[in-house]
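Everything below concerns the one structure shown next.
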Amino acid sequence: MAPPTKDRDLPYHLIHTHLLPRLPYKTLNRFKCVSKSFNSLITADAQFAADQVCSAHASSGCFVYMSNCCLSFFPDPAFVGVPDPSLGFLNPSSTVKLVTSTNGLLLLCGKFNGEKAICVCNPATREAAFVSNNGREKSYRSEMGLVYDPQQSPHRFIIVELLLHNYGYGLQYRFDVFLSDTSEWNRSRQTVCIDGSIVAASKPVCANGVIYWSCSKCLMWYDTEADLAGSITLPVIEGKVVEGQTHTGIYDGDVVYCRTWDDGIEVWRLTGGSRWDRLHGASWDSMIGAFDFCHGMRLRGKSQSEMFFKRWSPQPVGFDGRFVYFKVVNLKCRDKRERVFGWDCDKGRVEDKGEVAGGWCPDNVFNYVNSMARVPPILSAIS
């Protein structure tokens, strides 16, 4: 029941759905002390947790990656404020790998309490569920996806593991599916073959119950509800797939694809699960002036954009609706420190977001939003 309010107070539904869900973790945590109703709303209301992750422009939204065995965030790590970025509450006993992030929950692999396991955790609430890896068939290489929808299925999460096999002139994938509400692994009947691919699928992201993996020139997908799978060709320009650096992520519930290449940078959105719509694009010519932190750079020749791309190797790492973030390193300079820049899609300008923590890989950067969602427990199957 909503707490009583005076006429001059803000309506409760406005606070519930529009104000509190958009607050960063540190600020939101202070509101738990306002009243018992606020404490219950923030810590135990499934709809509130859903409102948090559905707020595309939430202040607590950012990007997460692992660096030196700790969670790191950008563009503003101090603003996120998870209580234990070292993940000490999980008692890790080896290097932990961040596999993916979905709606406030993280999927991790490593040793916890001395045992190898898969872990689904919420770093904001410090809750976790562990899936034992004992006795399972091992694949050559695999990347796992995580499905969690706090609005439709707040009491269940799904893990999908890829099983990779070589075949002919490409790679073949099958899918093992784990359901937290039955604690069982099941092998899907679906098989996807990626012809001509020598690079294993990577960077799993989830949108609307469908997991997507990057596979060189296409996205492979698996629908957990329908038990269907397939692949989608990446956007093309003038009938050809453009080579360059890419990033696949989630924005406003949809898959977004960012690409940097010698002509510039662009952002695409997957609409209806099958059509690519181009959202933004710009040439490097309009941005070159922002990249002057290494002295002695001179651009001459027929194509400044092409020379810039070869020299600075910009690689996209995220898109939040306003900025396309990309890391750069001057390949011609002794100083190999990496910096993150943000291209403002609306204003067309570039902002320096500063250096990034060492030991990171852009392929392991994921969208993240602070959520107070409870981690669904792993339940035994009922016979």
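For the single chain, residues carry numbers from 1 onward in sequence order.
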Legend entry - Side-chain donor or acceptor of Ser371 paired with backbone N/O of Gly104 under 3.5 Å: no
Legend entry - Check: Thr248/Ser214 side-chain N/O donor and acceptor closer than 3.5 Å: yes
Inset, instruction - Would you confirm whether Thr233, through its side chain, and Cys218, through its main-chain N or O, come within 3.5 Å as a donor-acceptor pair? - result: no
Legend entry - Lys353 to Pro75 - nearest heavy-atom pair and separation: CD-CB, 4.5 Å
Legend entry - Leu71 and Pro123, any side-chain heavy atoms less than 4.5 Å apart: yes
Inset, instruction - Determine whether Ile159 and Val131 make a side-chain contact, defined as any pair of heavy atoms from C-beta on separated by less than 4.5 Å. - result: yes
Inset, instruction - Determine, step by step, whether Trp276 and Leu234 satisfy the side chain to side chain contact (heavy atoms under 4.5 Å, CB included) criterion, reporting the C-alpha distance in whole Å, the side-chain angles of both residues, the deciding distance to 0.1 Å, and the verdict. - result: CA-CA 8 Å; Trp276 290 106; Leu234 292 174; 4.1 Å; yes
Legend entry - Lys/Arg N to Asp/Glu carboxylate O, Arg275 vs Asp277, below 4.0 Å: yes
Legend entry - Full working for side chain to side chain contact (heavy atoms under 4.5 Å, CB included) between Leu228 and Gln190: CA-CA 6 Å; Leu228 295 174; Gln190 297 296 315; 4.2 Å; yes
Legend entry - Nearest atoms (heavy-atom pairs only) where Ser188 meets Asp227: OG-OD1, 2.6 Å
Inset, instruction - Hey, could you give me the NE2/CD1 distance between His280 and Ile265, rounded to the nearest 0.5 Å? - result: 10.5 Å
Legend entry - Crowding at NZ, Lys111 (>12 non-hydrogen neighbours, <6.0 Å): no
Legend entry - Separation of Phe89 CZ from Phe112 CZ (nearest 0.5 Å): 9.5 Å
Inset, instruction - List the atom of Ala201, the atom of Trp213, and the distance in Å for their closest heavy-atom pair. - result: CB-CB, 3.8 Å
Legend entry - Trp261 versus Trp284, closest heavy-atom pair with distance: O-NE1, 2.7 Å
Inset, instruction - Keeping the roles fixed (side chain from Lys203, backbone from Val365), state whether a donor-acceptor pair exists under 3.5 Å. - result: yes
Inset, instruction - For Leu164 and Gln172, run side chain to side chain contact (heavy atoms under 4.5 Å, CB included): C-alpha distance rounded to whole Å, both residues' side-chain angles, the deciding distance at 0.1 Å, then the answer. - result: CA-CA 6 Å; Leu164 169 63; Gln172 181 186 77; over 6 Å; no
Legend entry - Inter-residue atom distance Leu108.CG - Met66.CE, 0.5 Å rounding: 6.5 Å
Legend entry - Pairing residues for Ala128 by the side-chain contact (heavy atoms from CB on, under 4.5 Å) criterion, not counting sequence neighbours: Leu90, Cys119, Cys121, Phe130
Legend entry - Any side-chain heavy-atom pair of Val192 and Tyr222 under 4.5 Å: no
Legend entry - Cationic N near anionic O, under 4.0 Å, Glu143 to Lys97: yes
Legend entry - Note: Arg322-Asp346 ion pair, threshold 4.0 Å (strictly below): no
Inset, instruction - With sequence neighbours left out, write down each residue that passes salt bridge (Lys or Arg N to Asp or Glu O under 4.0 Å) with Asp223, or none if nothing qualifies. - result: none
Inset, instruction - Determine whether Ile211 and Trp221 make a side-chain contact, defined as any pair of heavy atoms from C-beta on separated by less than 4.5 Å. - result: no
Inset, instruction - Report the distance from atom CD of Gln315 to atom SG of Cys258, rounding to the nearest 0.5 Å. - result: 11.5 Å
Inset, instruction - May I ask you to test the Arg269-Asp252 pair for a side-chain heavy-atom distance under 4.5 Å? - result: yes
Legend entry - Nearest atoms (heavy-atom pairs only) where Glu127 meets Val375: OE1-N, 3.1 Å
Legend entry - CA sep, side-chain torsions, deciding dist, call: Tyr173, Ile194, side chain to side chain contact (heavy atoms under 4.5 Å, CB included): CA-CA 8 Å; Tyr173 295 93; Ile194 307 296; 3.9 Å; yes
Legend entry - Inter-residue atom distance Ile232.CD1 - Leu219.CG, 0.5 Å rounding: 6.0 Å
Legend entry - Gap between atom CZ of Phe319 and atom SG of Cys345 - 0.5 Å precision: 5.0 Å
Inset, instruction - Measure from the side-chain N and O atoms of Asp344 to the backbone N and O of Arg349, and report whether any donor-acceptor pair falls under 3.5 Å. - result: no
Inset, instruction - Find out whether Ser101 and Phe63 are in side-chain contact, i.e. whether some heavy atom of one side chain is under 4.5 Å from a heavy atom of the other. - result: no
Inset, instruction - Check whether any side-chain N or O of Asp84 sits under 3.5 Å from a backbone N or O of Gly88 as a donor-acceptor pair, and report yes or no. - result: yes
Legend entry - Sidechain-backbone polar pair: Glu161 side chain, Met144 backbone, donor-acceptor under 3.5 Å: no
Inset, instruction - For the pair Phe326 and Phe341, name the ring-plane relationship: parallel under 30°, tilted 30 to 60°, perpendicular over 60°. - result: parallel
Legend entry - Flag, side chain of Asn122 to backbone of Ala373, donor-acceptor distance under 3.5 Å: yes
Legend entry - Considering all heavy atoms, the nearest Pro376-Ala129 contact: O-CB, 4.0 Å
Legend entry - Gln245 side-chain N/O to Pro316 backbone N/O, donor-acceptor pair under 3.5 Å: no
Legend entry - Geometric class of the Tyr325/Phe74 ring pair [parallel <30°, tilted 30-60°, perpendicular >60°]: perpendicular
Inset, instruction - Could you tell me whether Asp149 and Arg156 have a side-chain N and a carboxylate O separated by less than 4.0 Å? - result: no
Legend entry - Thr100 (side chain) donor-acceptor with Pro204 (main chain) under 3.5 angstrom: yes
Inset, instruction - Side-chain contact test, heavy atoms from C-beta onward, threshold under 4.5 Å: evaluate it for Arg374 versus Pro150 and give yes or no. - result: no
Legend entry - Close side-chain approach of Ser180 and Ile158, heavy atoms under 4.5 Å: no
